[in-house]
Amino acid sequence: MEKTRTQLRVGYACVNTQLPSSARTLRLANVTPDRLRELIASNLDALETILRWNEAHGIAVFRLTSNLIPFGSHAANELAWWDEFAPRFAELGRLMQGMSISTHPGQYTVLSSVRPEVVDAAVAELAYHDRLLSAFRLDESHKIVLHAGPPERFAAGFERLTPGAAARLVLENDERWPLEPVLELAGELGVPVVFDVFHHELAPSFPGERTRDLVLRVSETWSSRQEVHFSTQAPGKRPGAHADALDVDAFRRFAAVVGDLPLDCVLEVKDKERSALRAQELLGYERGRRPSASAADLRSRR
DNA sequence: AGGTGTCAAGCGTCC
DNA sequence: GGACGCTTGACACCT
């Protein structure tokens, strides 16, 4: 009898709590080209440290912070940073080979806003995210995750994206936009969907359909490796608040039903890499495996 | 040196 | 009508 091998890979978002920040910034009033250069260099150095830590700990899933380039989509940043730092980006891009690297623009990025200037800013922000991923020479399988909005306005905004941003865009279900309408919108736009388990529980759709079947349903939107998000309710906090740390039992249950599927799972927890390591232990990873060495390494169990 | 109000930005929700 | 929360902290000024 062949043992079921895990294909589920786990990772975390933006911050490693043990390492320096890759999101240093400055106040708009203090922006100068040289200050921006200093901070970009510093943030790329910090990112390199995080990537090497991830590699040493066998973590192959990571979300880049939107603040890697200060004012990356703002007129105040006039640098051709992708050009100036091209060799450095290429260097870090090599460290990312074999990893799932994505981004997730913040709450200010509202592609479906009724205000034209807000849509302009969202288009610029998404162009920035694409430019960032492209600077690392990451192909279109490396995605930009965005929440949905009213379908008609969202589609109108989508039409205005740069080709690169459109090719990387994926939609995520949330409390306002449950999985069913998000799948419908994503189908119209021809983009994949990130299944967020926690948001789905808060705003369910497809009544009675089990988690595994939902993940499989969503998998049909992907032509590259599927990304999912996992988090749980923070005890005692308002509904929807993310727990500080991995809920081990809930994750074990999740892994029990989808662990054999080829998923890249971003854990959305405050304690970041600690929970990622805990999740890996539950999946039976060996500590210190190199994720880019081979796919077989990642799937190996104790 | 350490504490803390504020910072580019949106918008729905809750009080 | 104002504060809060989001995926998320760091800067900059004050004592």
Side-chain angles (χ1 to χ4, degrees), chain A residues 11-32 35-36 38-40 42-43 45-47 50 61-78 101-129 132 143-150 153-154 157 170-178 194-199 202-203 227-234 236-246 265-276:
Chain A
Y12 59 102
C14 307
V15 171
N16 184 305
T17 67
Q18 308 170 34
L19 298 173
S21 170
S22 63
R24 295 188 56 211
T25 185
L26 76 174
R27 295 289 173 259
L28 185 55
N30 303 329
V31 168
T32 65
R35 276 300 282 146
L36 289 172
E38 285 172 32
L39 289 169
I40 292 167
S42 162
N43 287 343
D45 287 350
L47 178 61
I50 293 171
V61 177
F62 186 64
R63 178 189 301 164
L64 301 179
T65 172
S66 303
N67 302 323
L68 197 66
I69 309 297
F71 301 99
S73 67
H74 193 287
N77 188 336
E78 297 180 300
I101 301 292
S102 59
T103 72
H104 190 1
Q107 66 270 38
Y108 301 112
T109 305
V110 186
L111 194 56
S112 56
S113 175
V114 292
R115 296 169 52 197
E117 68 273 25
V118 173
V119 179
D120 290 346
V123 169
E125 180 71 9
L126 292 163
Y128 153 61
H129 281 254
L132 183 64
K143 298 301 189 185
I144 304 169
V145 181
L146 199 63
H147 293 277
R153 291 209 304 270
F154 194 98
V170 311
L171 290 174
E172 175 184 355
N173 65 296
D174 60 29
E175 293 161 69
R176 294 185 44 76
W177 295 96
V194 165
F195 178 53
D196 185 301
V197 186
F198 181 42
H199 289 146
L202 292 166
E227 177 172 327
V228 298
H229 293 174
F230 183 88
S231 60
T232 53
Q233 175 65 43
K237 293 196 187 165
R238 59 159 254 293
H242 287 162
D244 290 350
L246 185 74
C265 179
V266 178
L267 303 175
E268 294 183 325
V269 286
K270 285 221 183 338
D271 75 348
K272 302 295 179 183
E273 81 288 346
R274 295 167 205 274
S275 280

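The sequence lines fix the lettering, A, B, ..., with proteins before strands; numbering per chain opens at 1.
The pairing partner recorded for C:dT8 is none, the criterion being a Watson-Crick or G-U wobble arrangement whose two distances lie under 3.5 angstrom. Across the strands present, B:dA9 finds no partner; the criterion is a Watson-Crick or G-U wobble pair with both atom distances under 3.5 angstrom.
Neither side chain, A:H242 nor A:Q233, offers a donor N or O lying under 3.5 Å from an acceptor on the other.
Of the charged side-chain nitrogens involved, at least one lies within less than 4.0 Å of a carboxylate oxygen, so that A:E268 and A:R63 count as a salt-bridged pair.
The aromatic ring of A:Y108 does not stack onto the base of B:dG10, failing the criterion of a centre distance under 5.5 Å from the six-membered base ring together with planes under 30° apart.
Distance, A:L202 CG to C:dG5 P: 16 Å, rounded to whole Å. In this structure, A:N30 atom CG and B:dT6 atom P are separated by 16 Å, rounded to whole Å. Put simply, NE2 on A:H147 is 11 Å from P on C:dT8, counting in whole angstrom units. Atom-to-atom, CG of A:L64 to P of C:dG9 comes out at 14 Å; the value is rounded to the nearest Å. A:H229 has its NE2 atom 11 Å from the P atom of C:dT8, to the nearest Å. If you measure from atom CG of A:N43 to atom P of C:dG9, you get 13 Å, rounded to the nearest angstrom. Summarising the geometry, the separation between CZ on A:R27 and C1' on C:dC11 is reported as 4 Å, rounded to the nearest angstrom. Taking atom CG on A:L267 and atom C1' on C:dT8, their separation rounds to 16 Å, with Å as the unit.
With B:dG10, B:dA8, C:dC6 as the choices, the nucleotide that has an atom nearest any side-chain atom of A:H74 turns out to be B:dA8. Checked against C:dT8, C:dC11, B:dA8, the side chain of A:E125 finds its nearest nucleotide in B:dA8. Here the nucleotide nearest the side chain of A:F71, chosen from C:dC6, B:dA8, B:dC11, is B:dA8.
Using a 4.0 Å heavy-atom distance criterion, A:R24 is classed as a sugar-phosphate-only contact. Residue contacts for A:S66: at a heavy-atom cut-off of 4.0 Å it reaches no nucleic acid atom on any strand shown.
Ring centers of A:F198 and A:H229: at least 6.0 Å apart, outside the cut-off.
Here the closest non-hydrogen pair linking A:Y128 and A:S73 is CB-CB, 3.9 Å.
Comparing the P positions of B:dG3 and C:dC6 gives a spacing of 25 Å, expressed to the nearest Å. B:dA8 and C:dG1 are spaced 27 Å apart, taking the P atom of each and rounding to whole Å. To the nearest whole angstrom, the two C1' atoms, one in B:dT6 and one in C:dA3, are 15 Å apart. C:dT8 and C:dA12 have their P atoms separated by 23 Å, with the value rounded to a whole Å.
Counting only heavy atoms from C-beta outward, the side chains of A:R153 and A:S113 never approach each other to under 4.5 Å.
Both A:L39 and A:G240 sit near DNA chain C, but only A:G240 has its closest nucleotide nearer the 5' end.
Remark: A:S113 is in phosphate contact with B:dC11, judged by side-chain N or O atoms under 4.0 Å from OP1 or OP2. An OP1 or OP2 oxygen of B:dG12 is reached within less than 4.0 angstrom by no side-chain nitrogen or oxygen of A:R176.
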Inset, instruction - Evaluate the side chain to side chain contact (heavy atoms under 4.5 Å, CB included) criterion for residues A:H147 and A:E175: first the C-alpha distance (whole Å), next the side-chain angles of each, then the deciding distance (0.1 Å), finally the verdict. - result: CA-CA 10 Å; A:H147 293 277; A:E175 293 161 69; over 6 Å; no

